[in-house]
Amino acid sequence: MQRAIVVAVETRALHATIDAELDEFEALARAAGAKILERIVQRRDAVDAATLVGSGKASEIAQRAHDERADLILVLNDLRPRQRKNLEKIIPLPIVDRTMLILDVFARYARSREGKLQVELAQLRYRQSNLIGSAADLSRLGGGIGTRGPGETKLEVDRRRIAQRIAALNVALRNIRSQRALRRSGSQREPLVALVGYTNVGKSSLLNVMARSDAYVADRPFATLDPTIRRVYLAPGSYVRMADTVGFITDLPKELVAAFRATLEELQEADLLLHVLDASNAQWLRQRRAVEAILAQLELDSVPAITVFNKCDRAVAEALGQTGALYVSAKTREGLDSLRATIHQRVAAINDETKV
Ligand SMILES: Nc1nc2c(ncn2[C@@H]2O[C@H](COP(=O)(O)OP(=O)(O)OP(=O)(O)O)[C@@H](O)[C@H]2O)c(=O)[nH]1
Ligand SMILES: [Mg+2]
């Protein structure tokens with residue numbers, strides 16, 4: 001386990017949401033295998049242009065890191081390349097930002113060949129555009145959080161080889177996708193319903209209770225990275241294919257959106273989206289907005305959708321009574337009959353429309 005100190009600058013803009021963002025950030029850090037020693041938050045009107053935190057604060061962090069034998073610094077705010085360089089001069093430890101942390105969780109858990117290639121592509125693009133990964137940096141980092149590639153391979157060091165590797169990854173991904181498109185065009189299709197939503201809201205759990213399947217479920221961000229499809233019974237003679245997808249998160253790194261774009265755009269073929277929300281999370285509205293923004297970015301906002309609040313067995317008051325939404329629990333199985341009935345009606349209505 002790597003020992004990490006979490007650092008954040010609380011600007012005015014962040015004031016209202018910083019606690020929730022730090023909780024989420026630390027959940028990501030734990031999923032990446034870090035042990036969090038301490039949270040250091042500095043309040044400022046704006047971040048310091050040179051060192052993110054003030055330079056005095058940076059020295060203080062360096063001292064704490066030394067005293068607590070920390071291995072790395074995790075920074076919540078976006079870091080410019082220059083701020084990273086300057087901070088690394090004051091704090092002689094690897095500095096990992098939120099994007100690197102998310103990419104690291106993906107690298108750690110991607111299983112399918114396509115998933116691994118996509119993650120590696122995203123990581124290399126990020127390193128390229130943020131000027132990370134000179135040989136000196138990497139030898140110091142030694143294969144920990146921020147440098148781990150999918151399947152424990154080390155990220156490429158040499159810039160010229162990074163460009164070559166990116167090109168090779170793009171070719172390999174195109175091949176996988178064209179094979180999948182061929183397979184799909186042959187199959188007689190039942191309607192496709194896709195589960196989408198913020199990470200950890202219970203999409204895979206819902207798929208499991210609906211399809212009596214055993215997709216991987218875990219109480220950590222990004223448990224699902226590889227798309228799965230299962231057949232789900234709705235009513236006599238009525239079945240749909242239900243797709244589970246990677247969860248979304250606020251400010252999903254653009255490199256990840258780009259790398260996963262092709263896979264996610266296949267959701268445009270869905271007849272219906274189930275936008276799953278976590279009724280037990282006080283942050284559900286913020287999560288909903290983040291998901292809606294990503295759906296728009298992927299041009300999925302024109303696909304018919306229904307809103308499903310999951311975890312209604314422990315709902316917070318503010319999540320209740322939203323009009324037009326369904327309330328279910330994958331845990332207690334409450335509300336699943338009406339979810340099946342609603343999907344059945346919506347899919348039938350869509351099919352009728354397309355016949356006319
Ligand atoms: N109390 C309660 N917990 C639930 C319910 N559904 C899921 N969970 C828990 O929520 C956590 C996340 O569930 P997942 O099904 O892995 O969530 P997901 O949306 O697929 O998450 P990612 O794949 O990581 O995006 C797990 O610990 C589940 O046991 C529910 O209805 N009630
Ligand atoms: Mg999942």
Side-chain angles (χ1 to χ4, degrees), residues 23-33 98 101-112 114-115 118-119 193-230 232 242-253 256-257 260 263-264 267 273-284 286-288 290-295 298 300 305-317 319-320 322 325-340:
D23 289 344
E24 182 178 279
F25 187 64
E26 291 182 355
L28 286 166
R30 283 190 296 272
R98 184 171 179 272
L101 204 49
I102 293 173
L103 289 170
D104 194 85
V105 175
F106 274 68
R108 213 172 159 189
Y109 298 108
R111 289 291 168 265
S112 71
E114 184 179 24
Q118 285 171 321
V119 173
V193 176
L195 293 155
V196 296
Y198 211 78
T199 185
N200 211 37
V201 296
K203 299 176 295 299
S204 303
S205 304
L206 271 179
L207 179 74
N208 285 344
V209 291
M210 299 285 284
R212 298 192 178 83
S213 62
D214 56 355
Y216 180 64
V217 164
D219 190 13
R220 63 164 175 78
F222 304 119
T224 304
L225 292 179
D226 300 310
T228 338
I229 296 192
R230 294 280 182 275
V232 168
M242 193 171 280
D244 191 11
T245 54
V246 59
F248 297 158
I249 199 163
T250 337
D251 302 319
L252 189 64
L256 266 182
V257 178
F260 279 78
T263 318
L264 290 170
L267 295 177
L273 300 181
L274 304 187
H275 182 168
V276 184
L277 302 169
D278 181 349
S280 74
N281 193 323
Q283 297 291 316
W284 68 268
R286 178 171 152 261
Q287 300 188 337
R288 174 188 205 152
V291 171
E292 283 168 353
I294 297 165
L295 291 176
L298 294 165
L300 293 170
I306 52 184
T307 304
V308 181
F309 280 91
N310 185 39
K311 308 195 191 182
C312 74
D313 53 286
R314 31 178 286 198
V316 296
L320 294 172
Q322 300 293 315
L326 290 173
Y327 287 85
V328 303
S329 164
K331 189 175 172 190
T332 64
R333 308 193 171 210
E334 241 173 295
L336 292 183
D337 288 341
S338 71
L339 178 58
R340 278 181 215 276

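Values reported hereafter were calculated over all heavy atoms of this structure, with side chains retained and with hydrogens, waters and symmetry mates removed. In each ligand, atom 1 is the first atom listed, and ligand 1 is the first ligand listed.
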S.K.: Starting from atom 31 (O) of ligand 1, what is the nearest protein heavy atom, named by residue and atom, and what distance separates them?
M.R.: Ala330 N, 2.9 Å
S.K.: Could you check whether any side-chain heavy atom of Leu277 comes within less than 4.5 Å of a side-chain heavy atom of Gln322, counting everything from C-beta outward?
M.R.: no
S.K.: Return the closest protein heavy atom for atom 12 (C) of ligand 1 as residue, atom name and distance.
M.R.: Asn200 OD1, 3.0 Å
S.K.: With no hydrogens and no angle check, just 3.5 Å: does a side-chain donor-acceptor pair link Glu334 and Thr332?
M.R.: yes
S.K.: Short check: any N/O/S atom of Asn200 below 2.8 Å from the Mg ion (ligand 2)?
M.R.: no
S.K.: Please give me the minimum heavy-atom distance between Ser204 and Tyr216, naming the atom from each residue.
M.R.: CB-O, 3.6 Å
S.K.: Okay, side chain of Thr245, backbone of Leu195: is any donor-acceptor separation there less than 3.5 Å?
M.R.: yes
S.K.: Does the shortest distance from the Mg ion (ligand 2) to an N/O/S atom of Ser204 fall below 2.8 Å?
M.R.: yes
S.K.: Is Val328 close to ligand 1, meaning an N/O of one under 3.5 Å from an N/O of the other?
M.R.: no
S.K.: Which ligand 1 atoms does Phe222 reach within 4.0 Å, using its non-hydrogen atoms?
M.R.: 24 (O)
S.K.: Which pair of heavy atoms, one from Val316 and one from Ser280, lies closest together, and at what distance?
M.R.: CG1-O, 3.5 Å
S.K.: Give the numbers and elements of all ligand 1 atoms closer than 4.0 Å to a heavy atom of Asp313.
M.R.: 1 (N), 2 (C), 30 (C), 31 (O), 32 (N)
S.K.: Pick one of side chain, backbone, both or neither for how Ser280 approaches ligand 1, counting any non-hydrogen atom pair under 4.0 Å.
M.R.: neither
S.K.: Within ligand 1, which atoms have a heavy atom of Arg220 less than 4.0 Å away?
M.R.: 24 (O)
S.K.: Got an N/O contact under 3.5 Å between Ala218 and ligand 1?
M.R.: yes
S.K.: Determine whether the side chains of Asn208 and Asp214 contain a donor N or O and an acceptor N or O closer than 3.5 Å.
M.R.: no
S.K.: So if I count the atoms of ligand 1 from 1 in the order they appear, which ones are less than 4.0 Å from some heavy atom of Gly247?
M.R.: 25 (O)
S.K.: Mind listing the closest non-hydrogen atom pair of Ala211 and Val232 along with its distance?
M.R.: CB-CG2, 3.7 Å
S.K.: Can any side-chain N or O of Arg98 pair as donor or acceptor with the backbone N or O of Leu28 at less than 3.5 Å?
M.R.: no
S.K.: Identify, by atom number and element, the atoms of ligand 1 in contact range of Thr224, meaning under 4.0 Å from any of its heavy atoms.
M.R.: 20 (O), 22 (P), 23 (O), 24 (O)
S.K.: Check Asp278 with Lys311, please: is the shortest side-chain N to carboxylate O separation under 4.0 Å?
M.R.: yes
S.K.: Report yes if some N/O of Pro221 lies less than 3.5 Å from some N/O of ligand 1; otherwise report no.
M.R.: no
S.K.: Counting non-hydrogen protein atoms only, what is the nearest one to atom 10 (O) of ligand 1? Give residue, atom name and distance.
M.R.: Lys311 NZ, 3.0 Å
S.K.: Return the closest protein heavy atom for atom 27 (O) of ligand 1 as residue, atom name and distance.
M.R.: Asp219 CB, 3.3 Å
S.K.: Between Ser213 and Arg230, which heavy-atom pair has the shortest distance, and what is it?
M.R.: CB-NE, 3.5 Å
S.K.: Which heavy atom of Asn281 sits nearest to which heavy atom of Gln287, and what is that distance?
M.R.: ND2-NE2, 3.3 Å
S.K.: Heavy atom to atom 13 (O) of ligand 1, shortest distance: which of Ala215, Ser205, Ala223, Ala31 holds it?
M.R.: Ser205
S.K.: So for ligand 1, is Ser329 a polar contact partner (N or O within less than 3.5 Å, distance only)?
M.R.: yes
S.K.: Any atoms of ligand 1 less than 4.0 Å from a non-hydrogen atom of Asn310? List them with their elements.
M.R.: 5 (C), 6 (N), 7 (C), 31 (O)
S.K.: For ligand 1, which is the ligand I care about here, please tell me if Arg314 has any N or O atom under 3.5 Å from one of the ligand's N or O atoms.
M.R.: no
S.K.: For the residue pair Tyr327 / Ser338, report whether a side-chain donor-acceptor contact shorter than 3.5 Å exists.
M.R.: no
S.K.: What I want to know is whether Thr199 and ligand 1 share at least one N or O pair that is separated by under 3.5 angstrom.
M.R.: yes
S.K.: Please state which protein non-hydrogen atom is closest to atom 29 (O) of ligand 1 and give its distance, to 0.1 Å?
M.R.: Val217 CG1, 3.9 Å
S.K.: So which protein heavy atom does atom 17 (O) of ligand 1 come closest to, and at what separation?
M.R.: Gly202 N, 3.0 Å
S.K.: Just distances here: any N/O of Val246 and N/O of ligand 1 closer than 3.5 Å?
M.R.: no
S.K.: Could you tell me which non-hydrogen atom of Val328 sits nearest to which non-hydrogen atom of Gly335, and how far apart they are?
M.R.: CG1-O, 3.5 Å
S.K.: Using a 6.0 Å distance limit plus a 45 degree cone around the ring axis, check whether Arg220 lies over the aromatic ring of Tyr109.
M.R.: yes
